[in-house]
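Throughout, residue positions are numbered sequentially from 1 according to the sequence presented. Bear in mind that the values here come from a model prediction, so they are computed numbers and not experimental data.
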Amino acid sequence: MCGIVAYIGRRQASPILLEGLKRLEYRGYDSAGVAVMEKGKLKIAKAVGRVRNVEDLIEKKGDFDGTIGIAHTRWATHGGVTDKNAHPHRDDTKLGHGIAVIHNGIIENYASLKTYLTEKGHTFTSETDTEVLAHLIGELYRGDLEKAVQAALREVTGAYAIGVICEKEPDVLVVARKGSPLMVGVGKDEYVVASDSSAIVAHTTQAFTLADYTVAKLTRDSFRTSTVDDVPVDAQVKELEFDLAEIELGNFEHYMLKEIHEQPRALRMTLQGRVDTRAGQIVLGGVSQMARQLATARRLVFVGQGTALHACMIGTYLMEELGKIPSDWDYASEFRYRNPIVEEGTVVVAVSQSGETADTLAALQEAKSRGALALGIVNVVGSSISRETDAGVYLRVGPEIGVASTKAFVGQVMVASMLALFVGRRRYLSADYVSNFLQNLERIPAAIERTLQLSDHIKKAAAKHIERENWLFLGRGLNWPVALEGALKLKEISYIHAEGMPAAEMKHGPIALIDKGMPVVFVATRNSQYEKVLSNIEEVRSRGGAVIAVATEGDEHIKTLAEDVFYVPDVSEMLQPLVTVVPLQLLAYHAAVMRGKDVDKPRNLAKSVTVE
């Protein structure tokens, strides 16, 4: 959740660190801080709020000209949002060795460690678990920073990605990781470390990802990687898979709007090289070796959180319809704690944009420990989930910067549909059926391009209801997860209370909420449950609710039932979520802008949730 950046090289560190923090603000941003080694002494600046506040401090203080440093944006887990709780943290100023630490994750046994260190005479100045780690490294320091970090991490329970510098070794940067993302960019006589490649790509396209329980010691001209037990391990330096242009705003006002408009191109990339329409074949290299196990699977479970969970729900529909395998979905956060039944032939599919979602990773590990075949649907190459799975499929939608996921969601649904076809073709589906389905799939990017033209109309509709604090989003079949996603988007970025649910569920309690003028958004496209949705619309109208409908082009009747209609192209029923979600994304976006909210960095949220 938090953002980590570190640098060692020949250039001044602070500009590189600050630039990296700004690129990572979307990950978490209630406070930030920078530590630089200047002439063998630590210089630390940290402040509540945005990175700009730290930048101002550095400009006032001066003397931040060192060529080695660490930096951090914080999403609070332990302790309030204060300057003292901001990172970096350092060891005891009286007993210590001038050690500074940045940390993403949670030290679960910090309380017992803090008691031990207090008995040793250490004095703490913050409420954080991270300061305990800084003191522990200081307590174990015997003239070798790398070994002190290794020793400290052997005593730690929990998740971490850390960067450490020390006044007594001013030309050494030590980083380590377990359970939280961390990668090292390799340049000429320099290294840029970050929790996300977006902070690296401006400086180098060569990088390696640290595996769990791995420590890297970096100097200006070399690096060494080892386990926490000091066993040497090899680092595989690879080319980063996107360039700087992909993470720049371009002509858009916000990343969310940019990423909504990138969806057609993103889905074309998801499809590229994976579909043979003429032959009626799906080519998924990531799962091809598991084809036999998938074809004979007895049960399939999708697990995820937030937006990814909504994609899981749609994936369940698709797998049962196309793959004819009994399927289900579950909150990843609940899956591992409810003693799930994993029998022979069970497949668990973990869905995550970042591939680092802690709950989803833990659910995946639990499933594997019980003998399930573990698959992943993720966007980030080399992420933790991608490494833990037996096989998987990458989204290939490109980097997603806005906290509210948009193009990753449609990528997840697209991959789920291809996975269902991949399985179905090996079980019951004919080549002709698959060929026809793939033709419909290939039309989706163009259908989204047409839907994006509704933006101005959606903005005007949002303006009518922008003062209302309670909304309902309703749908049926494959479109009720879309209703959930629409409600989530509105909540995330506009802070309007919104609930999504199956339209029929409204009558079993929530209908009591409907009063005159309450906005109720229906996904009411022409499909097998269209007439039922119309009945639900009438129920809302009779109670004075303001109906907003997402409908199929050419449906004139629905104009008589709704105050506003967002028409989308007529596509195959099973693929409708890929199109019907787009007006709801735009609705949330325009509502947030009109309410003056920070669209890309909503309060209390982080892009990659790496703690449970």
Side-chain angles (χ1 to χ4, degrees), residues 270-271 273-277 279-304 308-309 311-332 335-336 338-352 355 360-378 385-395 411-438 440-441 478 481 572 574-575:
T270 302
L271 288 168
R274 290 172 165 171
V275 299
D276 186 339
T277 304
Q281 291 184 346
I282 295 284
V283 181
L284 297 178
V287 297
S288 59
Q289 293 182 336
M290 304 296 174
R292 184 181 296 274
Q293 289 171 268
L294 286 169
T296 58
R298 297 180 181 179
R299 178 170 173 257
L300 193 142
V301 182
F302 289 89
V303 294
L309 182 67
C312 290
M313 295 172 181
I314 296 169
T316 298
Y317 275 88
L318 292 167
M319 187 59 70
E320 290 197 333
E321 178 67 28
L322 300 174
K324 304 300 182 187
I325 297 176
S327 301
D328 205 352
W329 55 269
D330 202 352
Y331 291 92
F335 179 82
R336 68 187 292 227
R338 63 176 183 83
N339 196 21
I341 297 173
V342 178
E343 300 175 308
E344 184 179 353
T346 299
V347 179
V348 174
V349 183
V351 183
S352 166
T360 308
L361 180 60
L364 181 72
Q365 292 166 337
E366 177 69 16
K368 285 184 69 177
S369 73
R370 291 172 179 252
L373 174 66
L375 303 185
I377 296 176
V378 301
I385 290 175
S386 70
R387 293 198 303 274
E388 285 278 347
T389 53
D390 297 307
V393 184
Y394 286 116
L395 304 183
Q412 289 161 353
V413 173
M414 179 71 85
V415 168
S417 67
M418 289 194 292
L419 181 63
L421 277 179
F422 181 86
V423 173
R425 179 69 184 96
R426 285 153 179 80
R427 290 169 62 87
Y428 303 107
L429 301 180
S430 68
D432 286 344
Y433 181 94
V434 174
S435 178
N436 181 65
F437 196 99
L438 291 178
N440 289 326
L441 205 59
L478 282 155
S572 167
M574 281 185 284
L575 300 178

Which heavy-atom pair separates [X] from [Y] by the least distance, and what is that distance?
X: A431; Y: A279; value: CB-O, 3.9 Å
X: G355; Y: V378; value: CA-CG1, 3.9 Å
X: A295; Y: R426; value: CB-CB, 4.0 Å
X: A416; Y: G315; value: CB-CA, 4.0 Å
X: G304; Y: C312; value: N-SG, 3.8 Å
X: A420; Y: M319; value: CA-CE, 3.7 Å

Salt bridge (Lys or Arg N to Asp or Glu O under 4.0 Å) with R292: which residues, sequence neighbours excluded?
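R292 satisfies salt bridge (Lys or Arg N to Asp or Glu O under 4.0 Å) with no other residue.
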Listed by chain and number, what are the salt bridge (Lys or Arg N to Asp or Glu O under 4.0 Å) partners of D390, not counting sequence neighbours?
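Listed in chain order: nothing, the list is empty.
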Distance, nearest 0.5 Å, that separates [atom1] of [X] from [atom2] of [Y]:
X: N440; Y: N436; atom1: CG; atom2: CG; value: 5.0 Å
X: S435; Y: Q281; atom1: OG; atom2: CD; value: 10.5 Å
X: Q412; Y: S417; atom1: CD; atom2: OG; value: 12.0 Å
X: F422; Y: L294; atom1: CZ; atom2: CG; value: 6.5 Å
X: L318; Y: L478; atom1: CG; atom2: CG; value: 5.5 Å
X: I377; Y: M414; atom1: CD1; atom2: CE; value: 12.5 Å

Worked verdict on T360 versus V351 for side-chain contact (heavy atoms from CB on, under 4.5 Å)
CA-CA 7 Å; T360 308; V351 183; over 6 Å; no
Using distance only, find each side-chain donor-acceptor pair of residues 320-329 under 3.5 Å and give its atom names and separation, not counting sequence neighbours.
unit_1, atom_1, unit_2, atom_2, d
E320, OE2, S327, N, 2.8
K324, NZ, E321, O, 3.2
S327, OG, I325, O, 2.8

Does the side-chain contact (heavy atoms from CB on, under 4.5 Å) test come out yes or no for Q293 and V347, once each step is laid out?
CA-CA 9 Å; Q293 289 171 268; V347 179; over 6 Å; no
Side chain proximity check, T270 to M418, heavy atoms < 4.5 angstrom:
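T270 vs M418: side chains touch.
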Indicate yes or no: at least one non-hydrogen side-chain atom of R274 is less than 4.5 angstrom from one of I282.
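Side chain of R274 against side chain of I282, heavy atoms only: no contact under 4.5 Å found.
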Can you give each donor-acceptor pair under 3.5 Å made by side-chain atoms of residues 361-376, sequence neighbours left out, with the distance rounded to 0.1 Å?
unit_1, atom_1, unit_2, atom_2, d
Q365, NE2, E388, OE2, 3.3
E366, OE2, R370, NE, 2.6
E366, OE2, R370, NH2, 3.1
K368, NZ, E388, O, 2.5
S369, OG, E366, O, 2.7
R370, NH1, N339, OD1, 3.1
R370, NH1, P340, O, 2.9
R370, NH2, N339, OD1, 2.8

Just wondering, are more than 12 heavy atoms of other shown residues or ligands nearer than 6.0 Å to OH in Y433?
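Yes.
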Of V349, V348, T316, the residue whose pairing with L300 passes side-chain contact (heavy atoms from CB on, under 4.5 Å)
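Testing L300 for a side-chain contact (heavy atoms from CB on, under 4.5 Å) against V349, V348, T316 leaves exactly one candidate, V349.
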Those residues that, when tested against E343, pass side-chain contact (heavy atoms from CB on, under 4.5 Å) (two or more places apart)
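Scan of E343 (side-chain contact (heavy atoms from CB on, under 4.5 Å), adjacent residues dropped) gives I341, T346.
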All side chain to side chain donor-acceptor pair (under 3.5 Å) counterparts of T296, not counting sequence neighbours
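Not a single residue meets the side chain to side chain donor-acceptor pair (under 3.5 Å) criterion with T296.
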